[in-house]
Amino acid sequence: MITHSTFFGILIAEPTTAITDFILAVLCTFFYARFSANNKEDGSYYWKRFFLFMGISTLIGGITHAFLEDHNTRTYSIFWLSMQLFSGLSVLYCQIATIHSIPNTKIPIYRSVKASLLFCRIQFFVFAIAVLFFQNFIVVVSNSTLGFLLVLYIHALSGRKYGNRPAAWIALGIMVSFLTAIIYTLKISINQWFNFKDIAHVIMMISLSFIFYGAMLSFESDQKKEIMKTN
């Protein structure tokens, strides 16, 4: 059952879901603004864009939930596809940020960085074509799972085996994000006003906070190294 609320005479569908989406967008905007990296060889440059595209995706998601209740309209399809494409871009930039953040040649993916980057870009291209053609959420879930499993593997290995503390926090954030799949599959809800979508959004807030903390630790560590080099 879809809940409704009225705000200044405007009917809003799924208000809690829309609000939690908007909070996610604000959170991602804050995280985006905290990074000042502009060097494309710096992992922070890509983490910054990961939060940017994730923020745009959740903003569109909030608008879609709130004002586009009828899923059979062309407007809904455009918004839904836009939301998923920006979500796919966030996955891509998360992968690229990972490859640039942890240049450890002992990790298998770094035996060929160019090939790994090419794989990530091909994955996004295939995802974009598939989601536009099938317009099915399974495509989105499959792309996110594949992309984030790669990110989790690299950061977990770097954190556990090589003592990389920032990587360990990012790995934790990715692991927390997988809880949303369980929530969605089992449709675990508190009530109709705070359902499985809303719980998943709260979990995403926690997940993104962990990822941001790890990425920021890595960014600050790189800055200290640069300062030491110049001195």
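Just the heavy atoms: all of them, side chains too, but no hydrogens, waters or symmetry mates, feed the values below. Computed from a predicted structure; not experimentally measured.
Annotation: side chain of Asp21 is not in contact with side chain of Ile63 (no heavy-atom distance under 4.5 Å). Within the 4.5 Å cutoff, side-chain heavy atoms of Leu24 are placed close to those of Leu208. In this structure, the side chains of Phe67 and Ile12 come closer than 4.5 Å at one or more pairs of heavy atoms. Contact of the Met204 side chain with the Met54 side chain is registered, since non-hydrogen atoms from C-beta on lie closer than 4.5 Å. For the pair Ile56/Ser82, no side-chain contact is recorded, criterion being any heavy-atom separation below 4.5 Å from C-beta on. Within the 4.5 Å cutoff, the side chain of Thr98 has no heavy atoms near those of the Tyr46 side chain. Put simply, the side chain of Trp80 does not reach to within 4.5 Å of the side chain of Ile60, judged on heavy atoms. Between Leu27 and Ser209 the shortest side-chain heavy-atom distance falls below 4.5 Å.
Going from atom CD1 of Ile96 over to atom OG of Ser116 covers 11.0 Å, rounded to the nearest 0.5 Å. The CZ atom of Phe210 lies 5.0 Å from the CG atom of Leu172; values are rounded to the nearest 0.5 Å. With rounding to the nearest 0.5 angstrom, the SG atom of Cys94 is 4.5 Å from the CZ atom of Phe50. Distance check, rounded to the nearest 0.5 Å: NE2 of His155 to CD1 of Ile170 gives 3.5 Å. Once rounded to the nearest 0.5 Å, the distance linking OG of Ser87 with CZ of Phe53 reads 12.0 Å. Between the CZ atom in Arg165 and the OG atom in Ser218 there is a gap of 12.0 Å [rounded to 0.5 Å].
Checked by atom type, the side-chain pair Gln135/Gln84 shows no donor-acceptor distance below 3.5 Å. Between the side chains of Asp198 and Thr16, no donor N or O sits under 3.5 Å from an acceptor N or O.
The backbone N or O of Ile174 sits less than 3.5 Å from a side-chain atom of Ser177, completing a donor-acceptor pair. Ser189 contributes a side-chain N or O that, together with a main-chain N or O of Phe196, makes up a donor-acceptor pair within less than 3.5 Å. Remark: the backbone N or O of Ala181 is paired with a side-chain donor or acceptor of Thr185 at under 3.5 angstrom. In this structure, the side chain of Thr17 does not engage the main chain of Lys197 through any donor-acceptor pair within 3.5 Å. Remark: side-chain polar atoms of Thr58 are paired, donor with acceptor, to backbone N or O of Gly55 under 3.5 angstrom. Between the side chain of Asn164 and the backbone N or O of Ala167, at least one donor-acceptor pair lies under 3.5 Å. In this structure, Thr29 contributes its side chain and Ala25 its backbone to a donor-acceptor pair below 3.5 Å. Distance alone, capped at 3.5 Å, is enough to place a donor-acceptor pair between the His4 side chain and the Ile2 backbone.
Under a hydrophobic clustering in which Ile, Leu, Val, Met, Phe, Trp and Tyr are joined whenever their side-chain heavy atoms come within less than 4.5 Å, directly or via other members, Ile78 and Phe133 fall into different clusters. Under the 4.5 Å side-chain heavy-atom criterion for Ile, Leu, Val, Met, Phe, Trp and Tyr, Ile203 and Val26 are members of distinct hydrophobic clusters. Leu146 and Val126 are assigned to two separate hydrophobic clusters, defined by single-linkage of ILVMFWY side chains at heavy-atom distances under 4.5 Å. Cluster membership for Phe178 and Val141, using ILVMFWY side-chain heavy atoms within less than 4.5 angstrom, is shared. Phe134 and Phe125 are members of different hydrophobic clusters when ILVMFWY side chains are connected at heavy-atom separations under 4.5 Å.
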Please assess Phe194 against Val202 for the test side-chain contact (heavy atoms from CB on, under 4.5 Å), listing each intermediate value before the final yes or no.
CA-CA 11 Å; Phe194 201 82; Val202 172; 3.9 Å; yes

Walk me through whether Ile211 and Trp169 qualify under side-chain contact (heavy atoms from CB on, under 4.5 Å).
CA-CA 6 Å; Ile211 293 172; Trp169 277 102; over 6 Å; no

List the steps and the verdict of side-chain contact (heavy atoms from CB on, under 4.5 Å) for Tyr76 and Leu81.
CA-CA 8 Å; Tyr76 173 83; Leu81 286 170; over 6 Å; no

Could you walk me through whether Val139 and Asn143 pass the side-chain contact (heavy atoms from CB on, under 4.5 Å) test, one step at a time?
CA-CA 6 Å; Val139 176; Asn143 179 69; 5.6 Å; no

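Taking a 6.0 Å sphere around CE of Met175, one finds it holds 12 or fewer heavy atoms contributed by other residues, nucleotides or ligands. Around the CZ atom of Phe22, the shell of radius 6.0 Å holds more than 12 heavy atoms that belong to other residues, nucleotides or ligands. Sparse packing is recorded around CD1 of Ile138, with 12 or fewer heavy atoms of other residues, nucleotides or ligands lying under 6.0 Å away.
Looking at every heavy atom in both residues, Cys120 comes nearest to Ile99 through SG-CD1, 4.0 Å. Minimum heavy-atom separation, Met83 to Gly61: SD-CA, 3.2 Å. Between Pro15 and Thr3, the closest heavy-atom pair is CD-OG1, 3.3 Å. When all heavy atoms of Val91 and Ser144 are compared, the closest pair comes out as CG2-OG, 3.9 Å. Across every non-hydrogen atom of Ser44 and Phe35, the tightest pair is CB-CD2, 4.0 Å.
Ring planes of Phe137 and Tyr184: tilted class, angle from 30 to 60°. Between Phe31 and Phe212, the ring planes are parallel. Angles under 30° get that label, and only those over 60° would be called perpendicular. Ring-plane geometry between Trp47 and Phe51 is classed as tilted, the angle between the planes lying from 30 to 60 degrees on a 0 to 90 degree scale.
A cation-pi arrangement is present between Arg49 and Tyr45, with the terminal nitrogen or guanidinium carbon under 6.0 Å from the aromatic centre and inside a 45° cone about the axis.
Shown are His65, His201, Glu14; of these, the side-chain contact (heavy atoms from CB on, under 4.5 Å) with Thr20 is made only by His201.
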